[in-house]
Amino acid sequence: MLLSGIAHGYSGFGGALLMVPLLGLFLSPVEAVAVTNVAAVFGQLSVARQAVRNAVWAECLPFIVAIAVAMPLGVMVLVKSEAELLRRIVGASTLTAATILGLGWTYKGARTVLTSGFFGGLCGFLAGATGQGGPPAVVYFMAAPVEARQQRGSLIAAITGMVFVTLAFLAVGGALSRHSLLLGCLVGLPYIVAVRTGNRLFEILPKQNYRRATLLLLFAAGLAALFR
């Protein structure tokens with residue numbers, strides 16, 4: 001949780017990419033996704049105010065609506081899939097996300113309501129099925145032709161919406177047990193400290209070196225989940 005929170009605080013995203021596969025080594029995939037989303041609420045609330053001020057809502061709103069539309073299908077896959085198969089899917093998706101982020105791939109096409117909806121739907125399905133819906137949001141919003149603070153604001157707004165929508169559908173779909181809720185709350189408070197630590201490290205450490213370290217952690221987490 002601490003490693004995930006530091007990565008999240010440093011980059012503004014990526015907490016679930018580390019958290020889900022690592023927690024999956026100790027919990028079932030369903031529990032890992034549920035605990036991650038409960039803890040993520042604490043992390044997102046600490047940075048969401050910035051998103052309200054800086055986000056480009058013309059793109060964020062259709063993105064979040066599409067997340068809600070696609071989420072039930074992802075949660076259904078999460079609940080009905082075999083644990084071992086789902087764990088491998090999580091590992092593979094983590095490695096794919098790490099590769100995309102490592103290569104710096106971004107979306108360069110048109111930015112309409114339909115494209116926002118497409119990426120939001122992909123984000124919602126992946127978040128529901130694997131707890132890792134962040135990469136489509138990163139690929140889309142980090143390529144927006146706006147200044148950096150608006151890119152980050154839109155990304156935080158989209159991920160905040162994703163976290164709350166995912167939590168709601170996990171509860172409705174029966175994937176949020178009392179144990180997962182309590183464990184998520186228990187680790188949520190130190191997660192806030194880790195997120196703030198990541199923000200501080202961003203100001204101190206060389207950005208390039210820390211990015212490499214985060215990507216190495218992502219690859220390690222993906223391999224651990226894939227070949228457990």
Side-chain angles (χ1 to χ4, degrees), residues 4 13-44 60-98 100 113-140 157-185 187-188 218 221-222 224-228:
S4 303
F13 65 93
L17 289 173
L18 279 172
M19 204 182 306
V20 173
L22 292 178
L23 284 180
L25 299 176
F26 309 101
L27 304 172
S28 72
V30 174
E31 286 181 314
V33 170
V35 170
T36 295
N37 274 275
V38 173
V41 170
F42 291 86
Q44 286 304 122
C60 291
L61 284 177
F63 194 97
I64 294 173
V65 169
I67 288 176
V69 172
M71 183 72 67
L73 180 59
V75 173
M76 183 176 66
V77 171
L78 173 68
V79 173
K80 294 185 178 297
S81 297
E82 295 182 3
E84 196 61 33
L85 173 61
L86 193 57
R87 185 174 288 111
R88 287 191 168 88
I89 292 175
V90 169
S93 64
T94 302
L95 291 175
T96 301
I100 290 173
V113 171
L114 290 179
T115 54
S116 294
F118 171 79
F119 279 92
L122 182 59
C123 184
F125 174 77
L126 290 176
T130 69
Q132 301 173 330
V138 175
V139 169
Y140 186 63
I159 291 180
T160 300
M162 179 188 71
V163 166
F164 282 97
V165 171
T166 304
L167 195 63
F169 277 107
L170 288 175
V172 172
L176 186 61
S177 66
R178 180 180 297 179
H179 176 265
S180 299
L181 181 60
L182 290 176
L183 184 57
C185 290
V187 299
L218 287 177
L226 191 60
F227 297 108
R228 176 190 176 193

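Sequence neighbours left out, the pairs with a member in residues 113-140 that pass ring-ring contact (aromatic ring centres under 6.0 Å, His included) are Y107-F119, Y107-Y140, F119-Y140.
Between P72 and A68, the shortest heavy-atom distance links the atoms CD-O, 3.3 Å. Pairing each heavy atom of P62 with each of S116, the nearest pair is CG-CB, 3.9 Å. Taking all atoms of both residues into account, the shortest heavy-atom contact from C60 to A157 is SG-CB, 4.1 Å.
Taking A158 as the reference, F63, F141 meet the side-chain contact (heavy atoms from CB on, under 4.5 Å) condition, with sequence neighbours excluded.
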Using residues 173-182 as the side-chain source, report each donor-acceptor pair under 3.5 Å to any protein atom, sequence neighbours left out, with the distance given to one decimal.
unit_1	atom_1	unit_2	atom_2	d
S177	OG	S180	N	3.1
S177	OG	S180	OG	3.1

For residues 32-40, which side-chain N or O atoms pair as donor and acceptor with protein atoms under 3.5 Å away, sequence neighbours left out?
unit_1	atom_1	unit_2	atom_2	d
T36	OG1	A32	O	2.7
N37	ND2	V33	O	2.9

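Once rounded to the nearest 0.5 Å, the distance linking CZ of F169 with CD1 of I67 reads 11.0 Å. In this structure, L126 CG and T96 OG1 are separated by 10.0 Å, a value rounded to the nearest 0.5 Å. With rounding to the nearest 0.5 Å, the separation of CE in M71 from CG in L167 is 10.0 Å.
Counting only heavy atoms from C-beta outward, the side chains of V172 and V75 never approach each other to under 4.5 Å.
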